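The structure under discussion appears below in the form of structure tokens.
What you are looking at is a predicted structure, and each value in this text was computed from that prediction instead of being measured. Only heavy atoms go into these numbers, but all of them, side chains included; no hydrogens, no water, no symmetry mates. Numbering of ligands and ligand atoms starts at 1, following listing order.
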Amino acid sequence: MPIYKAPLRDQQFVIHELLHAVEGLRAMPRYKELEADTVNQVIEEAGRFCEEVLLPINLSGDEEGCTLDPATHAVRTPAGFAAAFDAFRAAGWQGLATDEEFGGQALPQLLQIAFDEMRCATNQAWTMYSGLTLGAYECIAHNGSAEQKALYLPKLTTAEWTGTMCLTEPHCGTDLGLLRTKAVPQADGSYRITGSKIFISAGEHDMAGNIVHLVLARLPDAPSGTRGISLFIVPKFLPVGTDAAATAGKRNGVYCGGIEHKMGIHGNSTCQMVFEDAVGYLLGEPNKGLNAMFVMMNSARLGVGVQGLGLNEAAYQNAVAYARDRIQGRSLSGVKAPDKPADPIIVHPDVRRMLLTARAYAEGGRAFAYWIALMADQQLHHPDEEQRAFGGDMMALMTPIVKAFLTDNGFFRASECLQVFGGHGYIREWGMEQILRDSRINMIYEGTNTIQSLDLLGRKVLMDSGARLRKFGGLVQQFIAENGTHADMSEFITPLADLGDKVQKLTMEVGMKAMGNQDEAGAAAVDYLRVVGHLVFAYFWARMAQVALARIAADGAKVDPFYPAKLATARFYFQRLLPETAFHIRAARSGARNLTEFDAAWF
Ligand SMILES: Cc1cc2nc3c(=O)[nH]c(=O)nc-3n(C[C@H](O)[C@H](O)[C@H](O)COP(=O)(O)OP(=O)(O)OC[C@H]3O[C@@H](n4cnc5c(N)ncnc54)[C@H](O)[C@@H]3O)c2cc1C
């Protein structure tokens with residue numbers, strides 16, 4: 001049975017010692033009363049929920065999966081999923097960070113992200129039902145009319161009703177401009193929606209009284225391509241009432257036509273959804289649906305990145321426990337466990353390499369993701385306009401990096417942690433193969449990681465001539481200026497500064513080439529994202545090293561071993577993981593020709 005313990009110590013380090021989050025959040029009127037104790041208590045309680053409620057139904061949920069009754073179109077989720085959702089709902093967890101006006105607790109995004117990390121670590125499939133509900137909440141909160149907000153937001157806040165996002169169609173995945181689902185206006189102001197969607201997560205299930213589908217469709221006179229897409233609210237049951245007291249009324253013309261049998265996240269229903277003259281309500285403006293949906297997509301992209309982080313941590317914890325316990329061979333530098341017939345495999349350098357790699361990516365990812373959660377709040381709630389703009393710029397720049405860098409790391413670390421188990425990792429009961437399978441989808445949905453890299457390089461960097469990237473560079477420069485003269489920090493500062501210069505040069509070079517041929521951007525993008533992801537990680541690892549060094553200097557021999565461990569992980573990151581950038585810079589600089597001169601017919 002896989003294990004998991006909420007990483008409370010590291011979470012508290014990141015929140016209080018690295019980011020000084022409570023101080024920063026209290027500068028925003030929405031959080032002026034926030035206390036550090038509240039933050040700690042919420043995270044501890046959330047961790048307990050994940051350990052005690054979600055983890056026990058993760059392996060069984062994977063084995064049982066979801067089942068569809070073709071006669072009724074009803075989908076049954078695995079045993080324990082609905083009961084866990086009831087407990088989650090009763091505790092008010094869904095409304096953790098949503099607005100008080102609609103019944104939420106209005107706590108910072110930071111707490112939501114910390115909870116998301118832990119619940120994805122313990123049960124990603126289950127978490128998605130609630131994650132999509134949160135995305136639907138945000139989308140309606142951002143785009144909805146006063147009436148739509150009054151009706152739907154309280155229901156989504158309590159998770160009495162859940163949400164979905166319906167974009168994908170059989171012939172239309174990445175390229176949403178191809179979508180065909182139709183919306184026909186009715187005399188009463190509603191629309192009739194007809195079409196087929198595929199791969200709809202949480203499209204049908206037995207965990208809530210109603211499902212609120214957010215559906216992209218075309219109006220009859222809509223222009224072709226992405227400019228002719230509108231967004232609609234299509235409830236499974238038509239609501240009766242106008243506010244929190246509304247009930248689920250008549251069945252609407254939307255049903256699940258089939259569920260996918262897939263590689264992982266078996267406990268989440270991935271549905272083919274059929275819309276037959278279903279009643280829908282326009283959300284936002286006609287033909288501006290894709291922009292409106294981007295609110296949900298951006299929130300989901302951050303959520304998916306955090307799924308990668310959670311599984312990275314889960315894989316790490318299980319691999320460490322196994323490596324301490326499993327005895328095979330003797331240490332090359334002499335026997336370490338003379339009382340045993342062999343040493344635990346944790347003595348072997350390469351096993352340590354795999355464990356430290358997973359640890360460094362998990363802890364670096366946590367620092368990065370929690371900082372981004374602060375930027376999300378800063379963007380919306382900071383009283384100072386400049387600070388809000390900075391938060392917005394960081395959100396825009398970093399969203400593709402959170403999504404792609406953390407999910408690539410999640411999958412590849414899951415694979416290495418499985419390797420720590422040898423053949424036992426490949427066997428179901430240890431849970432490692434489930435973590436590996438579950439983590440694979442994170443690189444695909446919400447825009448594949450290739451699409452994220454194109455978004456980063458094209459839209460987020462080149463289109464604004466690197467302005468947002470320079471703003472992040474400003475943070476890096478400031479840190480270097482403040483710490484560059486400390487001898488203890490030079491092993492971190494020197495490579496950080498060096499990578500900062502290289503990113504600048506690489507951006508210029510790729511940008512120049514792309515002006516002549518857009519394929520140059522396409523050919524460089526994935527390597528580019530990996531390099532910039534490392535710049536972000538190097539920045540946070542250097543900052544973590546600095547905090548650790550200060551504590552070691554202050555506490556001397558009495559220092560909590562947490563700090564020397566943090567420092568050693570920082571060294572490992574800089575010496576063993578960061579050098580990956582040399583390869584990616586070289587690959588990115590090699591240009592498009594080695595990809596395009598190969599004739600398509602030669603494949
Ligand atoms: C389990 C699961 C759950 C999902 N949940 C949802 C959901 O809830 N709602 C929803 O709407 N969708 C959902 N999806 C769909 C998912 O978002 C799409 O699968 C994804 O966006 C990719 O689309 P596609 O599968 O059609 O691949 P395609 O778009 O056909 O892409 C195939 C390959 O080509 C590459 N490619 C495509 N276009 C370009 C380009 N312009 N430049 C470079 N490379 C390109 C892609 O990166 C990919 O490698 C889900 C999918 C799965 C498997």
Under 4.0 Å from one or more heavy atoms of Glu446, ligand 1 contributes atoms 17 (O)
of all protein heavy atoms, closest to atom 21 (O) of ligand 1 is Gly447 N, 4.1 Å
| Taking Thr127 for the side chain and Arg119 for the main chain, is one N or O donor matched with an acceptor at less than 3.5 Å? | yes
Atom 20 (C) of ligand 1: closest protein heavy atom, distance to 0.1 Å, is Ile444 O, 3.9 Å
Does atom 8 (O) of ligand 1 have a protein non-hydrogen atom under 4.0 Å from it?
yes
Ranked by distance from atom 44 (N) of ligand 1, the top protein heavy atom is Thr450 CG2, 3.8 Å
heavy-atom search around atom 3 (C) of ligand 1 in the protein gives Ser201 OG, 3.3 Å
Would you say Tyr445 has any N or O atom under 3.5 Å from an N or O of ligand 1, going by distance alone? no
Can a salt bridge be assigned to the pair Asp393 and Arg468 using a cut-off of 4.0 Å between side-chain N and carboxylate O?
-> yes
The protein heavy atom nearest to atom 24 (P) of ligand 1 is Gly173 CA, 4.0 Å
Residue, atom and distance of the protein heavy atom nearest atom 19 (O) of ligand 1 read Phe199 CD1, 3.9 Å
Distance col, row Thr181:OG1 vs Ile193:CD1, nearest 0.5 angstrom, shows 8.5 Å
Are any non-hydrogen protein atoms located under 4.0 Å from atom 37 (C) of ligand 1? yes
Note: ligand 1 atoms sitting under 4.0 Å from heavy atoms of Ile441 are 1 (C), 2 (C), 52 (C), 53 (C)
Query raised in the report: Is any side-chain N of the basic residue among Glu169 and Arg180 closer than 4.0 Å to the acidic one's carboxylate O?
Result: no
Check your understanding: Do you see a protein non-hydrogen atom under 4.0 Å from atom 33 (C) of ligand 1?
Key -> no
### Message
Tell me if the centroids of the rings in Phe405 and Phe537 come within less than 6.0 Å of each other.
### Response
yes
Met165 heavy atoms within 4.0 Å reach ligand 1 at atoms 7 (C), 8 (O), 9 (N), 10 (C), 11 (O)
CD (Gln94) and OG1 (Thr162) are apart, to the nearest 0.5 Å, by 9.0 Å
Under 4.0 Å from atom 28 (P) of ligand 1, is there any protein heavy atom? yes
Exercise. May I ask you to decide if the ring planes of Phe49 and Phe115 are parallel, tilted or perpendicular, using 30° and 60° as cut-offs?
Key: perpendicular
| task | Indicate whether any N or O donor in one side chain lies under 3.5 Å from an N or O acceptor in the other, for Glu416 and Tyr361. | result | no
Short version for Thr168: what comes under 4.0 Å of ligand 1, heavy atoms counted, is both
Q) Can you find an N/O atom of Lys262 closer than 3.5 Å to an N/O atom of ligand 1? A) no
Short version for Leu167: what comes under 4.0 Å of ligand 1, heavy atoms counted, is both
Going by the 4.0 angstrom heavy-atom rule, the piece of Thr174 near ligand 1 is both
Logged contact type for Ile451 with ligand 1, heavy-atom cut-off 4.0 Å, is side chain
Point to revise | Under 3.5 Å: donor-acceptor pair, side chain of Thr133, backbone of Tyr129 | key: yes
TODO: Mind telling me whether Tyr137 and Phe102 have parallel, tilted or perpendicular rings, with 30° and 60° as the class edges?
DONE: perpendicular
Here the gap from Cys166 atom SG to Leu132 atom CG, rounded to the nearest 0.5 Å, amounts to 9.5 Å
* For the pair Phe603 and Phe598, name the ring-plane relationship: parallel under 30°, tilted 30 to 60°, perpendicular over 60°. => tilted
- Message: Angle between ring planes, Phe88 versus Trp126, binned at 30° and 60°: parallel, tilted or perpendicular?
- Response: perpendicular
Per-atom filter on ligand 1: closer than 4.0 angstrom to a heavy atom of Leu454 are 42 (N), 43 (C)
In terms of its nearest heavy atom to atom 46 (C) of ligand 1, the top option of Asn449, Thr448, Leu176 is Thr448
